[in-house]
Colleague: 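Following this message is one structure expressed as structure tokens.
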Amino acid sequence: MAIYDDSPYRKAAAKLPAHFASVPRKRRALLVAVFLTITIFLLFKLITPSQTLLFFLFSPDIAGPYGERSGAASSNQDFNNDILQFIDPLIGTTNGGHVFPGATLPYGMAKAVADVASPAENAAGFVSDDNPITGFSHMHDSGTGGQPSLGNFPLFVHPGCIDDDYTKCDFSLYDRPLNRVPGSVYASPGYFTVNITNGVRAEMTTTHHAVLYRFSFPGTEKLHFAKGVAPYSPLILIDLVDLMNSRSMGGIQVYPETGRIVGDGRYTPSFGAGHYHAFFCADFKGAKIRKTGTFVSSKATDEKQFLEGVGSGYQIPTGSAGAWIQFERPDSEEMKNSILARVGVSFISVDKACENAEREIEDWDFERVEKDAKEAWREKLDVVRVDASGTSEELQTTFWSGLYRTLLSPQNYTGENPLWNSTEPYFDSFYCIWDSFRAQHPLLTVIDPKAQTEMIRALIDIYRHEGKLPDCRMSFCKGYTQGGSNADVVIADAFVKGLITNIDWKTAYEAVLSDAEIEPENWGLSGRGNLVSWHDRGYIPWNDVDKNGTGPASRSISRGVEYAYNDFCISLLSRGLSESSLLFPSQAEFQEYRPNISTHTSLATDASKYHHRGANWRNYWNPSAKDLFRDRESLSPQAEDTPLEGQNASIPGYILQSPFVGFLQPRTLRGTFRYHPTRTCSPIQNQHSCYYDTSLDVYEGSPWLYSFFAPQSMSTLISLMGGADTFVKRLEYYHESGIAYMGNEQSFLTVFQFHYAGRPGLSSKWLRSYVPRMFNASVNGIPGNDDCAMGAFTTWGMGLGVFPVAGQDVYLIVPPFFHEVKVRAGIDLKSPSGPVSSDSKKAKWAIIRTVNFDVEMQGDGGGGTKPVYIQSAKLNGKRHTKNWITHEFFEKGGLLELVVGPDESKTWGTNPKDLPPSYYEDAKFWEEWERMDREKTERWKAEEDGSEVDEEY
Ligand SMILES: *[C@@H]1O[C@H](CO)[C@@H](O)[C@H](O)[C@H]1NC(C)=O
Ligand SMILES: *[C@@H]1O[C@H](CO)[C@@H](O)[C@H](O)[C@H]1NC(C)=O
Ligand SMILES: *[C@@H]1O[C@H](CO)[C@@H](O)[C@H](O)[C@H]1NC(C)=O
Ligand SMILES: *[C@@H]1O[C@H](CO)[C@@H](O)[C@H](O)[C@H]1NC(C)=O
Ligand SMILES: *[C@@H]1O[C@H](CO)[C@@H](O)[C@H](O)[C@H]1NC(C)=O
């Protein structure tokens, strides 16, 4: 690209600063506070947008509270006619869903949408509310919590400037936002449009690394705004801001002859540490160029055609700085009254951004790009087919839209990784694996094994180059680890399901051992903390002293139960690898294999060691803990000092909330238990007190919730809780009392754990109590941050007839919401040396059929869905009494027939032999465990001085 070579900006871009290397992270809460302050300040300013067309100020609200239209069709019951009409990308764009509703491809890097000035809601750019639009930007994440992500280089469009004076157009983020026209928002896969109140209609569609925008204008000679009259002469600006306003450095240049604008910026990731560098390249088509220039904050000039070194704090308070082009009126025959803007993006360079745009959208054909995007979605979704006769349109839309959302992220950044050169795929926006390991990744294993394989390869390559698997990761940066090292579960899950081809299992195994054995310096960003105690004691003491690394020294219970599950999953992998001749074809190679972890001796000893550590969740189990709330207000001073011997609830100030006994509680260095309120961090008690940087012993959930998390050892848990009946009462109590919070992924499994107590019908009942009440097709139809995972809950529960126990080859059977569902997994286990079949059409269908499917029982989709219970089941024609199946069904294809009825069956799936596996049923194992626990506790008691007695039971 010779044209840029001698530009001053290019020179600046070539020697981009190193000074930004290590800005210490402020605490997230503080950042949010600063962000809110700035945004609230901005909002005050935004109440009176100055360039709103007068007409729109008086236009009536013509569609719904926010004027959004849905992408769903009015009526279509045909078997897979065009599935895209059942996808409404706007679901979950209010009420904390944070869903990205714009134009994109499956796993696409380009994600275009209108950005909205809605603090705390605009994590994905757009929000279905009535706040003004700040611009149109090209990259986003979907469904995330924390701060808003990406949203770099927004475009903004004016149809003309007052008095034809470009300096009178609004440039900065502070001045330019405008309301949307009510009823003008429309979204469908690969397409998004909105009209803003200055008369401009914005449409957008994408390829993988580029966006094509079409801006249309009213076409009238003069536009009448509150501030004056603007002759028709569109001005388009590009701002170097991002959604979070985090830029620390940047540059931009406009080329007056061609109208090309290129630029770059350095930004911070939304829930992680460090910074990333992004680039864009924009071209325009449709009108002659009149003038070009740059702007800083609200001041524009046509004298300067480039800006460089626009860093942090440069334009307080908006961060706005960029370039602009003013056009003659667009009156070409071809596209009357509209201008196309093509924006390529890259994380490598400006040249790469230009190349991406030129390669992917050479033809500037909006309809072609949109058609290709839609085709890509149809093809991706064609692995699932549904006979929806009898199922309401709302439920169909809930199902398909949920499935669609699970394919938005992780994003495929292969070829765009600036951090290292590798022939491996690179995926990013693993956001966070803590959310996605439970339902989303297992879903991808079934419906898109090729992508799941590439994602695992990317995880392994991240380990190779950065030394640890990520938990959270976004924009090439390490994200904050919320609990365990759950990439271990993702890897084990793929392995136990036979997704083994093309994966370097030696390095994969080394990576999970590294999580289990080697504590990183900052375990807040990857790996695990408190590992010395974890190894020696089997739990993280509440008052542990960690000399090996740093991280938020909290969440001792929730990290502990997740570490235990991670270790259990590693034991499955150790055993599987040791038995797998597929992976180590020659015995010699097998003998030689030594992962780069000093504690490793052999796969068999590893299997036993990690199996033992997989039982560590029990170290937090306090058998005498009651469901007590300590009300400090009414606590007598003397009670505060009294050790809570034997859980004496009659001490004034302690309130007994339910009869259930035995909870996970924090443990001290002495081995004793410490009081932790059982319901804190649930919707009914201080829900927002358990985040990454708070001090409690649980993360985003209560001890009530975490006390159910032992998927590896449910039979043990059930007997500790007092047997199946008490367990069932307790789990039902959890769901009815409001302690359960469905807006977070940890709650998914608790809906289905009735299976382990021989009551699979209750799993179906509770699933139907949440779908469609909390998971539905409205704009607020997702109960919490989508995380690209909430849709996996409905895809499994409503469609596939099973729910996965992630990490194990176990799927719990629940009756689907459809008459028949077919899935095509597309992997070929029998040719392990060959590639994963990328041709999913060759795979066989796994068919889930509901017999006695009764339209009545499916409810009306608006609530009141009646219970549906499995009476009997057949797998490939044979009676199937187990309430679970394995991956073989999806892998080989087959037919699962579920006979349903209105009452819970007393026989199907209820016998001990029909329950899903528990891996710790050996009584000797627990006898030995209890003996050692007693011994260790005695020793620790003797070692410590007992200073925390008043906090113990
Ligand atoms: C949006 O703008 C386009 C083009 O100007 C116009 O045809 C359309 O009617 C507008 N839509 C709404 C809902 O105002
Ligand atoms: C990757 O390879 C290219 C071409 O050889 C080189 O310019 C670039 O610096 C390399 N990137 C990294 C991160 O090593
Ligand atoms: C990811 O992107 C690379 C490079 O464009 C491509 O080869 C690969 O097929 C993509 N993977 C998926 C799962 O789409
Ligand atoms: C903790 O640090 C000690 C001393 O450096 C080291 O020997 C040990 O291996 C570390 N343990 C872990 C679990 O990382
Ligand atoms: C083993 O790990 C160390 C430390 O990360 C690294 O320096 C070394 O190169 C690795 N060795 C192998 C064989 O991968």
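Both counts, for ligands and for their atoms, begin at 1 and track the order of listing.
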Colleague: Considering the heavy atoms of V181, write down every atom of ligand 1 situated less than 4.0 Å from one of them.
Modeller: 14 (O)
Colleague: Is the H611 ring parallel, tilted or perpendicular to the F568 ring (thresholds 30°, 60°)?
Modeller: tilted
Colleague: Of all heavy-atom pairs between N530 and E519, which one has the smallest distance, and what is that distance?
Modeller: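 Distance-wise, the nearest heavy atoms are N-OE1, 3.1 Å.
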Colleague: Is the Y426 ring parallel, tilted or perpendicular to the F476 ring (thresholds 30°, 60°)?
Modeller: parallel
Colleague: What are the atoms of ligand 4, with element, lying closer than 4.0 Å to any heavy atom of L531?
Modeller: 13 (C)
Colleague: Hey, does the Lys NZ or Arg CZ of R667 hover above the aromatic six-ring of Y539, less than 6.0 Å from the centre and inside 45° of the axis?
Modeller: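 R667 over Y539 ring: yes.
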Colleague: Could you tell me which atoms of ligand 2, counted from 1 in the order shown, lie closer than 4.0 angstrom to a heavy atom of L419?
Modeller: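 That gives atoms 13 (C) of ligand 2.
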Colleague: Kindly indicate whether a cation-pi arrangement holds for R537 with W940, taking the cut-offs as under 6.0 Å to the six-membered ring centre and within 45° of the axis.
Modeller: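 Checked: cation-pi criterion met.
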Colleague: For ligand 4, is any non-hydrogen atom under 4.0 Å from K547's backbone (N, CA, C, O), its side chain (CB onward), both, or neither?
Modeller: neither
Colleague: List every atom of ligand 4 that sits less than 4.0 Å from any heavy atom of E517, numbering the atoms from 1 in the order shown and giving each element.
Modeller: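 Numbered from 1, ligand 4 contributes 12 (C), 13 (C), 14 (O).
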Colleague: Is atom 5 (O) of ligand 2 less than 4.0 angstrom from at least one protein heavy atom?
Modeller: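 Given the 4.0 Å limit, the answer for atom 5 (O) of ligand 2 is no, no protein heavy atom qualifies.
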Colleague: Return the option from N417, N421, I348 holding the heavy atom at the smallest distance from atom 3 (C) of ligand 2.
Modeller: N421
Colleague: List every atom of ligand 4 that sits less than 4.0 Å from any heavy atom of N548, numbering the atoms from 1 in the order shown and giving each element.
Modeller: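 The list of qualifying atoms is 1 (C), 2 (O), 3 (C), 8 (C), 10 (C), 11 (N), 12 (C), 14 (O).
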Colleague: With a 4.0 Å cut-off, strictly under, does atom 11 (N) of ligand 4 pick up any protein heavy atom?
Modeller: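 So atom 11 (N) of ligand 4 has protein heavy-atom neighbours under 4.0 Å.
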Colleague: Evaluating non-hydrogen atoms only, which member of T197, V200, N195 is closest to atom 14 (O) of ligand 1?
Modeller: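 Selected option, by shortest heavy-atom distance: N195.
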Colleague: Under 30°, 30 to 60°, or over 60°: which ring-plane class applies to F215 and F136, parallel, tilted or perpendicular?
Modeller: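 Taking F136 first and then F215, their aromatic rings sit tilted (interplane angle of 30° to 60°).
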Colleague: Relative to the heavy atoms of E519, which atoms of ligand 4 are at a distance of less than 4.0 Å?
Modeller: 14 (O)
Colleague: Using a strict cut-off of less than 4.0 Å between a Lys/Arg side-chain nitrogen and an Asp/Glu carboxylate oxygen, indicate whether E328 and K288 qualify as a salt bridge.
Modeller: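 Not counted as a salt bridge, because no side-chain N and carboxylate O are separated by less than 4.0 Å.
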Colleague: Specify the protein heavy atom at minimum distance from atom 13 (C) of ligand 2: its residue, its atom name, and the distance to 0.1 Å.
Modeller: P418 O, 3.3 Å
Colleague: For a side-chain hydrogen bond (donor to acceptor under 3.5 Å, both in side chains) check, start with the C-alpha distance between S346 and E416, then their side-chain angles and the critical distance, and finish with the verdict.
Modeller: CA-CA 6 Å; S346 173; E416 288 292 339; 2.7 Å; yes
Colleague: Would you say the side-chain atoms of N412 and H208 include a donor-acceptor pair closer than 3.5 Å?
Modeller: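 H208 and N412 do not have a side-chain donor-acceptor pair below 3.5 Å.
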Colleague: Closer than 4.0 Å to some heavy atom of S184 - which atoms of ligand 1 meet that?
Modeller: 13 (C)
